[in-house]
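For reference, the structure is listed below as structure tokens.
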Amino acid sequence: MGTAAPDVIATKAGRSFAALDSDRDGHLDWSDYRRLANRYLSAYHLTPDDRRARALHAFFQSYWLELLRHADAQEDRLSRNQYVDAVRRASVDTSRLNVADGLGHVLFDVIDVNSDNEISREEYTRFLTDVWSLQEAEALQAFRTLDTDSDDTVSRPESSRRSVSTSC
């Protein structure tokens, strides 16, 4: 008797759900995404009128609406299972919003603090520790995974091959 392969998407989306459910009520709603956007603004000292802050809010709002469109939910909130299913469906349906491309570029612009069009190890570590509360060792391992050419930076093409975010 064989063992079933782990569902990588469900595992990753489940972790994202846990990180996004900031009020720990067992559901996600728009307020959880607003709080996520505000964590970015706080970590990067962005004012609400900064173009990067506006792009971040616009992306998260579009993504939230896409999740609701793909969810089997009667309310504007999602349980963990509804979220995982909606993420799976939204990831393959690029008819309205290509999540990987959209989020990758929006986050790249925020994380690249010095605007040199590369994300340094320090910039990426700051992103994962300050916004997502990961330990520095985990953040460094994630950076090494993204830095496919081992030049100690993540370029825009490297980040678009593998999303710079943990998920949203």
Side-chain angles (χ1 to χ4, degrees), residues 5-26 28 30-48 50-64 66-67 78 80 83-84 86-88 90-91 97-168:
D7 184 344
V8 176
I9 293 173
T11 300
K12 185 175 180 182
R15 286 184 192 139
S16 295
F17 179 89
L20 288 166
D21 184 16
S22 56
D23 60 4
R24 304 289 181 242
D25 68 352
L28 293 183
W30 173 236
S31 66
D32 291 301
Y33 276 91
R34 276 197 320 264
R35 282 189 289 276
L36 173 61
N38 289 335
R39 286 196 320 245
Y40 281 96
L41 272 61
S42 176
Y44 288 94
H45 308 290
L46 300 175
T47 61
D50 185 294
R51 67 168 175 75
R52 295 166 297 170
R54 292 191 321 263
L56 194 63
H57 276 282
F59 177 84
F60 283 147
Q61 186 169 32
S62 296
Y63 183 62
W64 175 245
E66 280 298 291
L67 289 177
L78 302 175
R80 182 186 185 282
Y83 174 78
V84 169
V87 165
R88 186 183 314 279
S91 296
L97 176 67
N98 185 318
V99 174
D101 285 347
L103 181 61
H105 288 293
V106 168
L107 291 184
F108 193 99
D109 291 341
V110 171
I111 298 167
D112 181 20
V113 175
N114 63 2
S115 300
D116 65 353
N117 215 27
E118 295 179 325
I119 297 174
S120 69
R121 181 177 353 116
E122 292 78 16
E123 287 170 327
Y124 194 74
T125 301
R126 175 183 179 195
F127 158 65
L128 289 181
T129 57
D130 290 1
V131 176
W132 289 100
S133 301
L134 266 65
Q135 298 298 312
E136 188 170 343
E138 294 173 294
L140 288 172
Q141 180 58 42
F143 177 81
R144 285 191 283 275
T145 301
L146 285 175
D147 182 18
T148 57
D149 62 4
S150 301
D151 68 350
D152 219 28
T153 63
V154 174
S155 65
R156 205 173 279 272
E158 282 174 310
S159 74
S160 64
R161 282 192 288 272
R162 299 178 79 128
S163 178
V164 296
S165 70
T166 57
S167 188
C168 65

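Computed from heavy atoms alone, side chains included, the values below leave out hydrogens, waters and symmetry copies.
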Separation between OG (Ser159) and CD (Glu118), nearest 0.5 Å, reads 11.0 Å
Can you tell me how far CD of Glu122 sits from CG of Asn114, rounded to the nearest 0.5 angstrom? 10.0 Å
Roughly how far apart are Asp32 CG and Tyr83 OH, rounded to 0.5 Å? 10.0 Å
Between CG on residue Leu67 and CG on residue Leu28, distance to nearest 0.5 Å: 8.5 Å
For a side-chain contact (heavy atoms from CB on, under 4.5 Å) check, start with the C-alpha distance between Phe127 and Val113, then their side-chain angles and the critical distance, and finish with the verdict. CA-CA 10 Å; Phe127 158 65; Val113 175; over 6 Å; no
Considering all heavy atoms, the nearest Ala13-Val84 contact: CB-CG2, 3.9 Å
Check Pro48 against Ala53 and note the closest heavy-atom contact, atom names and distance. O-CB, 4.0 Å
Take a 6.0 Å sphere around CZ of Arg15 and say whether it holds more than 12 heavy atoms from other residues, nucleotides or ligands. no
Please name the residue in the list Asp50, Leu56, Val131 that meets the side-chain contact (heavy atoms from CB on, under 4.5 Å) test with Tyr44. Val131
Looking at Ala37 and His57, what are the two nearest heavy atoms and their distance? CB-CE1, 3.5 Å
What class does the angle between the rings of Phe143 and Tyr124 fall in, given that below 30° is parallel, 30 to 60° is tilted and above 60° is perpendicular? tilted
Using atom types as modelled and distance alone, determine if a side-chain donor or acceptor of Asp112 lies under 3.5 Å from a backbone N or O of Asp116. yes
If you take all heavy atoms of Thr153 and Glu158, which pair is closest and at what distance? O-OE1, 3.1 Å
Derivation of the side-chain contact (heavy atoms from CB on, under 4.5 Å) call for Arg39 and Ser42: CA-CA 5 Å; Arg39 286 196 320 245; Ser42 176; 5.8 Å; no
Measuring only between side-chain heavy atoms, which start at C-beta, is Val106 closer than 4.5 Å to Tyr63? no
Answer yes or no: is there a donor N or O on one side and an acceptor on the other, between the side chain of Asp21 and the main chain of Asp25, under 3.5 Å? yes
If you measure from the Lys or Arg side-chain nitrogens to the Asp or Glu carboxylate oxygens, is any gap between Asp147 and Arg144 under 4.0 Å? no
Got a second to check how far Asn38's CG is from Ser31's OG, nearest 0.5 Å? 11.0 Å
Tell me, yes or no, whether the heavy-atom count around Glu136 atom CD, taken from other residues, nucleotides or ligands under 6.0 Å, exceeds 12. no
Could you give the distance from CD (Glu123) to CG (Leu128), rounded to the nearest 0.5 Å? 12.5 Å
Restricting to non-hydrogen atoms, name the atom on Arg35 and the atom on Ser22 that form the minimum distance, rounded to 0.1 Å. NE-OG, 2.5 Å
Would a 4.5 Å heavy-atom cut-off, applied to side chains only, mark His105 and Arg156 as touching? yes
Please name the pair of heavy atoms, one in Leu78 and one in Phe17, separated by the smallest distance, quoted to 0.1 Å. O-CE1, 3.6 Å
Geometric class of the Phe60/Tyr40 ring pair [parallel <30°, tilted 30-60°, perpendicular >60°]: tilted
